[in-house]
Engineer: 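I have a structure here, written as structure tokens, and I will follow up with some questions on it.
Protein chains get the first letters and strands the later ones, always in sequence-line order, with residue 1 at the start of each. Everything numeric in this text was worked out from a predicted model, so none of it was measured.
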Amino acid sequence: MDDINFFDKVYQVARLIPVGRVTSYGAIASYLGTKGSSRMVGYAMQAAGKVVPKVPAHRVVNRQGLLTAKFHFGGNLMAELLESEGVKVKDDQVQEFKTVYWDPNIELAL
DNA sequence: CCCGTGACGACAT
DNA sequence: TATGTCGCCACGG
């Protein structure tokens, strides 16, 4: 697994996120073992839309449940995508965040 | 090759 | 509780 690029690892985990659930950059980073490099996760997501299969980057938010990435998606697209999957979003913020929160460290429990 | 930037997070004040 | 600063590491210029 060490042969896989850091970005690819991020994509792998991101694709494991169930519909109607969201996770945080730090959670993914922690799962990968690069807890301090949460920024790299977000950076990887930047290219997520360029990779295949398509990575649900819209399901990844910051630790506060804030749609920091919506600015990059453009307009309200990210929020609409989440709501389309059943995730309630208000004021660029995920409602019931702790309820819809999906932690790879727990769910994958590896 | 060096510098600045950035989808974040934790700690310090 | 809120605001400010530092660390993290990859990529572009």
Side-chain angles (χ1 to χ4, degrees):
Chain A
M1 290 309 229
D2 301 280
D3 299 324
I4 305 177
N5 296 312
F6 179 77
F7 277 41
D8 288 335
K9 291 183 181 178
V10 176
Y11 303 147
Q12 292 278 339
V13 179
R15 282 185 283 228
L16 292 173
I17 303 174
V19 179
R21 291 284 193 278
V22 294
T23 191
S24 61
Y25 304 96
I28 296 174
S30 180
Y31 180 72
L32 297 178
T34 56
K35 183 179 181 181
S37 307
S38 47
R39 288 178 127 132
M40 301 298 88
V41 178
Y43 202 88
M45 285 303 176
Q46 182 186 292
K50 304 177 179 183
V51 207
V52 282
K54 185 179 175 185
V55 180
H58 59 272
R59 292 182 192 155
V60 186
V61 296
N62 68 352
R63 211 32 171 157
Q64 300 173 45
L66 189 66
L67 279 61
T68 52
K70 90 158 223 149
F71 188 76
H72 293 264
F73 272 77
N76 208 41
L77 181 60
M78 185 176 183
E80 302 219 353
L81 284 169
L82 288 171
E83 291 192 61
S84 181
E85 295 183 341
V87 180
K88 297 184 178 75
V89 180
K90 180 72 174 194
D91 188 42
D92 302 334
Q93 184 179 273
V94 177
Q95 303 300 294
E96 300 289 308
F97 181 55
K98 71 177 185 179
T99 303
V100 298
Y101 184 63
W102 183 85
D103 190 332
N105 297 290
I106 299 175
E107 303 303 322
L108 299 182
L110 189 57

Engineer: Measuring from atom CD1 of I17(A) to atom CD1 of I28(A), what distance do you get when rounded to the nearest 0.5 angstrom?
Structural biologist: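 If we round to the nearest 0.5 Å, I17(A):CD1 and I28(A):CD1 are 5.0 Å apart.
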Engineer: Looking at A27(A) and P104(A), what are the two nearest heavy atoms and their distance?
Structural biologist: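 In this case the closest contact between A27(A) and P104(A) is O-CG, 3.8 Å.
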Engineer: Base, sugar-phosphate or nothing for F73(A)? Non-hydrogen atoms, less than 4.0 Å.
Structural biologist: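 Result for F73(A) = base.
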Engineer: Of all of residues 18-25 of chain A, which get a heavy atom below 4.0 angstrom from DNA chain B, listed by number?
Structural biologist: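 Nucleic-acid contacts, sorted: S24(A), Y25(A).
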Engineer: Between the protein and nucleotides 4-6 of chain B, which nitrogen or oxygen pairs are less than 3.5 angstrom apart?
Structural biologist:
none

Engineer: Got a sec, which residues hit ring-ring contact (aromatic ring centres under 6.0 Å, His included) with F7(A), two or more places apart in sequence or on another chain?
Structural biologist: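 F7(A) satisfies ring-ring contact (aromatic ring centres under 6.0 Å, His included) with no residue once adjacent residues are dropped.
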Engineer: Y101(A): which residues meet the ring-ring contact (aromatic ring centres under 6.0 Å, His included) condition with it, sequence neighbours left out?
Structural biologist: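 Testing Y101(A) for ring-ring contact (aromatic ring centres under 6.0 Å, His included), a comparison that skips the adjacent residues, returns F97(A).
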Engineer: Going from OG1 on T68(A) to OH on Y25(A), what distance comes out if it is rounded to the nearest 0.5 angstrom?
Structural biologist: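 Reported to 0.5 Å precision, the distance equals 4.0 Å.
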Engineer: Which residues satisfy the side-chain hydrogen bond (donor to acceptor under 3.5 Å, both in side chains) test with D103(A), sequence neighbours excluded?
Structural biologist: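 Expected list: N105(A).
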Engineer: Let me confirm one number: the CH2-OG distance from W102(A) to S24(A), rounded to the nearest 0.5 Å.
Structural biologist: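 It is 11.0 Å, given to the nearest 0.5 Å.
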Engineer: For the OG1 atom of T23(A) and the CD atom of E107(A), what is their distance to the nearest 0.5 Å?
Structural biologist: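 Reported value, rounded in 0.5 Å steps: 9.5 Å.
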Engineer: Got a sec, which pairs hit salt bridge (charged side-chain N to carboxylate O under 4.0 Å, His left out) with one end in residues 29-51 of chain A, sequence neighbours left out?
Structural biologist: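 Listed by first then second residue: nothing to list.
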Engineer: With a 4.5 Å cut-off on side-chain heavy-atom distances among I, L, V, M, F, W and Y, is there a chain of contacts connecting V61(A) to V13(A)?
Structural biologist: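 No; tracing contacts between hydrophobic side chains, which count when under 4.5 Å, never links both residues.
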Engineer: Detail all sub-3.5 Å separations between protein N/O atoms and N/O atoms belonging to nucleotides 10-13 of chain B.
Structural biologist:
none

Engineer: How many angstroms lie between CG in L82(A) and CZ in R21(A), if you round to the nearest 0.5 Å?
Structural biologist: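 Those atoms lie 12.5 Å apart.
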Engineer: Quick one: do M78(A) and V94(A) end up in the same hydrophobic cluster if we chain Ile, Leu, Val, Met, Phe, Trp and Tyr together by side-chain heavy atoms under 4.5 Å apart?
Structural biologist: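 They do share one cluster, since a chain of ILVMFWY contacts under 4.5 Å joins M78(A) to V94(A).
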Engineer: Mind checking which nucleotides bracket the chain A contacts on DNA chain C, 5' to 3', with an atom under 4.0 Å from a heavy atom?
Structural biologist: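 Contact span on the strand: dG7(C) to dC11(C).
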Engineer: Return the set of residues passing side-chain contact (heavy atoms from CB on, under 4.5 Å) with V52(A) (not counting sequence neighbours), or none when no residue passes.
Structural biologist: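 Applying side-chain contact (heavy atoms from CB on, under 4.5 Å) to V52(A) gives none.
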Engineer: Who passes side-chain contact (heavy atoms from CB on, under 4.5 Å) against Q93(A), sequence neighbours left out?
Structural biologist: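 Q93(A) satisfies side-chain contact (heavy atoms from CB on, under 4.5 Å) with L66(A), Q95(A) once adjacent residues are dropped.
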Engineer: Near DNA chain B, under 4.0 Å by heavy atom, which residues of residues 80-102 of chain A?
Structural biologist: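 Within residues 80-102 of chain A, no residue comes under 4.0 Å of DNA chain B.
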Engineer: Any base atoms under 4.0 Å from A57(A), or only sugar-phosphate, or nothing? Heavy atoms, all strands.
Structural biologist: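 Base, at least one base atom sits under 4.0 Å.
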Engineer: Sorted by first residue and then second, give each salt bridge (charged side-chain N to carboxylate O under 4.0 Å, His left out) pair with at least one member in residues 75-95 of chain A; sequence neighbours left out.
Structural biologist: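 Sorted result for residues 75-95 of chain A: R59(A)-E85(A), K70(A)-D92(A).
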